Amino acid sequence: MSAPTTNETRVAVLVDCDNTTPDTLEFALRVVAQFGRVVLRRGYGNHTTLANKWQEALVRLAFTPCLQYQYASGKNTADIALALDAMEAMFDHRADKFCLVTSDSDFAYLCRKLRERGATVYIVGEESTPAALRNASDQFFEWLPAAAPTDPVNTSRSPVKAELPSAAPAKPALKRRPKFLIEAVSLLTGDTADGRGSLGQLGQYLKRTDPGFTPMAYGHSGLVDMVKTYDLLSLKMELGGHWTVGLHPTVDTADS
């Protein structure tokens, strides 16, 4: 099958219904809305799952239910169906970005295989999602029941979005200034002519090293707000309206 001629980014949202709650669906759709057009919406589960709590949510949000019977007691065939459909959609060029809604670490290998082939993978999962699955994705979005109405943010896309709030915990976290942010700026700006780099580039780097990174986890409303709290970092708005960041010229970073 030949690839579509359009340059529009195509996103597949594949939901492990046996492993999560219907309340995550709307949050997941808000997450992927910033990345492209959703062309595949599928929910996978056994007869008991799809016949009860998931039926209303899948119908209302136009998801295709993918019913997988259990051929033997204790055997879950829905996971295999989801993985096969994801690989097929990638090879058929129906999607180039994938959002897996699950907290099951069994999907970590699928994430790695999709990324090896050039696809981008997002995970929407609960707080209990293991690190093995979080780190297998390009970006992890944590869904919390109390924060479900809050719009998600991708700090790696632009400095403007970096100032928007992501899904926040019920109680504000204590503001912290982890040293890895200074180390990241030092690494990214060490070879630049003016010792500065874009805030967007910094956000991308932080997401690549930790797909679950969000300034909210450290008590900040966004990346701009977070960088401003560092005495060792210099934040500047350039003429074009974008932010750049660098090490403060009067400080020796060896003592940071």
Side-chain angles (χ1 to χ4, degrees), residues 9 31 34-35 96-99 108 111-125 129-142 152-169 173-256:
T9 300
V31 164
Q34 60 188 312
F35 303 127
D96 39 45
K97 293 189 177 183
F98 295 82
C99 175
C111 294
R112 294 196 297 270
K113 294 300 290 186
L114 290 171
R115 295 177 70 192
E116 286 175 5
R117 292 285 182 169
T120 303
V121 179
Y122 308 105
I123 296 292
V124 172
T129 303
L133 181 60
R134 295 175 184 241
N135 294 329
S137 68
D138 288 285
Q139 191 164 1
F140 174 78
F141 292 89
E142 183 175 307
V153 65
N154 175 8
T155 57
S156 67
R157 284 178 63 81
S158 70
V160 175
K161 283 183 178 289
E163 293 185 277
L164 297 175
S166 63
L174 179 67
K175 288 194 174 185
R176 291 179 290 150
R177 298 181 296 178
K179 185 178 179 181
F180 68 73
L181 191 62
I182 298 174
E183 295 170 344
V185 173
S186 177
L187 177 66
L188 294 174
T189 62
D191 295 330
T192 61
D194 57 357
R196 305 191 67 81
S198 72
L199 196 68
Q201 183 185 18
L202 175 62
Q204 289 178 352
Y205 174 81
L206 294 172
K207 280 295 184 183
R208 287 169 182 164
T209 56
D210 178 9
F213 171 80
T214 170
M216 292 297 296
Y218 300 92
H220 306 280
S221 61
L223 194 55
V224 169
D225 176 65
M226 187 174 185
V227 172
K228 284 181 178 178
T229 64
Y230 284 78
D231 296 331
L232 303 184
L233 298 180
S234 170
L235 187 66
K236 178 182 178 182
M237 177 175 280
E238 303 294 343
L239 293 178
H242 62 281
W243 292 96
T244 62
V245 62
L247 299 174
H248 198 286
T250 61
V251 177
D252 185 355
T253 58
D255 299 328
S256 62

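What you see is a predicted model; the values in this text were computed from it and never measured.
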* Structure fact -> In terms of heavy-atom contacts, T189 and T192 come closest through O-OG1, 2.8 Å

* To do: Please assess L233 against K228 for the test side chain to side chain contact (heavy atoms under 4.5 Å, CB included), listing each intermediate value before the final yes or no.
  => CA-CA 8 Å; L233 298 180; K228 284 181 178 178; over 6 Å; no

* Got more than 12 heavy atoms from elsewhere within 6.0 Å of CG, D194? -> yes

* To do: Tell me yes or no: between the side chains of R115 and S137, is some donor less than 3.5 Å from an acceptor?
  => no

* **Test item: K207 side-chain N/O and F213 main-chain N/O as donor-acceptor pair under 3.5 Å** => yes

* Test of ring centre spacing under 6.0 Å for F180 and Y218 -> yes

* Asked: Is there side-chain contact between V245 and S234, with heavy atoms separated by less than 4.5 Å?
  -> no

* Structure fact -> Here the pair of heavy atoms bringing L223 nearest to P215 is N-CG, 3.6 Å

* Structure fact -> To the nearest 0.5 Å, atom CE of M216 lies from atom CE of M226 at 11.5 Å

* Distance-minimising heavy-atom pair for H220 and R176 -> NE2-O, 2.8 Å

* To do: Answer yes or no: is there a donor N or O on one side and an acceptor on the other, between the side chain of H248 and the main chain of Y230, under 3.5 Å?
  => no

* Decide yes or no on side chain to side chain contact (heavy atoms under 4.5 Å, CB included) for L235 and L199, but give the supporting numbers first. => CA-CA 9 Å; L235 187 66; L199 196 68; 4.2 Å; yes

* Structure fact -> CD (Q139) and NZ (K97) are apart, to the nearest 0.5 Å, by 9.5 Å

* **Over all atoms of both residues, closest heavy-atom pair of L181 and V227** => CD2-CG2, 4.2 Å

* **Pairwise side-chain contact, V124 with C99, heavy-atom cut-off 4.5 Å (strictly under)** => yes

* Nearest non-hydrogen partners of D210 and N135, listed with the distance -> OD1-OD1, 4.3 Å

* Asked: Minimum heavy-atom separation for K175 to G219, with atom names?
  -> CG-O, 3.2 Å

* Asked: Is there side-chain contact between W243 and R196, with at least one heavy-atom pair below 4.5 Å?
  -> no

* Ignoring hydrogens and angles, tell me if any N or O in the side chain of S198 forms a donor-acceptor pair with the backbone of Q201 under 3.5 Å. => yes

* Structure fact -> OG1 (T214) and CG (L206) are apart, to the nearest 0.5 Å, by 11.0 Å

* Is the distance between the ring centroids of Y122 and F98 less than 6.0 Å? -> no

* Would you mind reporting whether I123 and F141 have side-chain heavy atoms less than 4.5 Å apart? => no

* **Main-chain N/O of G125 paired with R134 side-chain donor or acceptor, under 3.5 Å** => no

* **Residue pair V185 / L202, side-chain heavy-atom distance below 4.5 Å** => yes

* **Rounded distance (nearest 0.5 Å) linking atom OG1 of T120 with atom CG of D138** => 5.0 Å

